[in-house]
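Contents: one structure, followed by commentary.
Worth knowing before you read on, the calculation uses all heavy atoms, side chains too, and leaves out hydrogens, waters and symmetry mates. Numbers here are sequence positions counted from 1. Counting starts at 1 for both ligands and their atoms, in listed order.
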Amino acid sequence: MTRAVCPGSFDPVTHGHLDVIERTARVVADVVVAVGTNISKNALFTPDERVEMLAEECAQWSNVEVTPFDGLLVDFCAANGIDMISKGLRAADFSYELQMAQMNRKLSGVDTMFLPTAPQWAFVSSSLVREVATLGGDVTAFLPAKIAARTMARVASRNAGAAMDV
Ligand code: PNS
């Protein structure tokens with residue numbers, strides 16, 4: 001009975017992420033969506049907010065749970081009885097994802113399963129969504145409706161704060 005983790009920063013969660021979570025939930029017994037912090041990224045939402053948003057979106061799948069994590073992903077796997085990492089793969093991600101998968105396997109023996117990103121979401125990333133939203137573009141096509149609304153509200157309040165600082 002495979003228990004898989006879908007790790008990510010999910011800042012914010014996109015349709016592409018949810019597609020990968022759903023497809024993973026169809027082929028393994030249990031899925032843990034682990035919300036981490038990518039230290040190289042400037043976050044829009046706090047970890048608690050990201051967990052809350054994901055939990056609401058994932059409530060539709062009975063074998064999916066959402067939890068925060070920090071530290072090494074392989075340590076999280078060992079502590080939570082997880083035997084597989086599941087990730088969506090876009091063409092641009094390939095070499096870095098392969099490197100991480102090989103590092104994680106070397107560190108712990110935990111293997112990574114890659115699911116090709118659905119073609120309709122292949123160009124979508126949270127970083128691009130944040131950039132487009134911050135510069136006033138429409139991101140509603142890439143996010144669940146409630147996440148899009150929260151993203152636009154957060155960007156508007158950030159932009160207003162930045163304008164006050166000038
Ligand atoms: O959505 P992201 O930003 O691609 O998610 C990246 C994340 C959080 C999954 C990745 O940075 C990660 O696994 N961090 C945990 C730290 C770790 O285990 N680093 C070694 C990776 S080989």
What protein heavy atom lies closest to [atom]? Include the residue and the distance to one decimal.
{"atom": "atom 18 (O) of ligand 1", "result": "Leu73 N, 2.8 Å"}
{"atom": "atom 10 (C) of ligand 1", "result": "Met100 SD, 4.7 Å"}
{"atom": "atom 6 (C) of ligand 1", "result": "Asn38 ND2, 4.0 Å"}
{"atom": "atom 22 (S) of ligand 1", "result": "Asn104 OD1, 3.5 Å"}
{"atom": "atom 12 (C) of ligand 1", "result": "Phe69 CZ, 4.4 Å"}
{"atom": "atom 19 (N) of ligand 1", "result": "Leu72 CD2, 3.9 Å"}
{"atom": "atom 4 (O) of ligand 1", "result": "Lys41 NZ, 3.9 Å"}

**Request:** Take the angle between the ring planes of Phe69 and Phe76 and call it parallel below 30°, perpendicular above 60°, tilted in between.
**Result:** tilted
**Request:** Look at atom 15 (C) of ligand 1 and say whether a protein heavy atom is found at less than 4.0 angstrom from it.
**Result:** yes
**Request:** Ignoring angles and geometry beyond distance, decide whether Ser9 reaches within less than 3.5 Å of ligand 1 through its nitrogen or oxygen atoms.
**Result:** yes
Within a distance under 4.0 Å of any heavy atom of [X], pick out the atoms of ligand 1 and give their elements.
{"X": "Gly71", "result": "15 (C), 16 (C)"}
{"X": "Gly8", "result": "1 (O), 5 (O), 9 (C)"}
{"X": "Met103", "result": "22 (S)"}

**Message:** So, 4.0 Å and heavy atoms of Ser126: is ligand 1 close enough to count as a contact?
**Reply:** no
**Asked** With a 3.5 Å cut-off and no angle check, do the side chains of Thr46 and Asp48 form a donor-acceptor pair?
**Response** no
**Message:** Count I, L, V, M, F, W, Y as connected when their side-chain heavy atoms are under 4.5 Å apart, and connections chain through other members. Are Val64 and Val5 then in the same cluster?
**Reply:** no
**Asked** Can you hop from Ile85 to Val20 via hydrophobic side chains spaced under 4.5 Å?
**Response** no
**Item:** Glu52/Arg150 ion pair, N-O < 4.0 Å
**Value:** yes
**Request:** For Arg50 and Thr37, indicate whether the former's side chain and the latter's backbone hold a donor-acceptor pair under 3.5 Å.
**Result:** no
**Item:** Closest heavy-atom pair and its distance - Pro12, Leu143
**Value:** CG-CD2, 4.0 Å
**Message:** So, applying side chain to side chain contact (heavy atoms under 4.5 Å, CB included) with Val139, which one of Leu128, Val124, Val132 is it?
**Reply:** Val132
**Message:** With a sphere of 6.0 Å drawn around CG of Asp70, does it hold more than 12 non-hydrogen atoms of other residues, nucleotides or ligands?
**Reply:** no
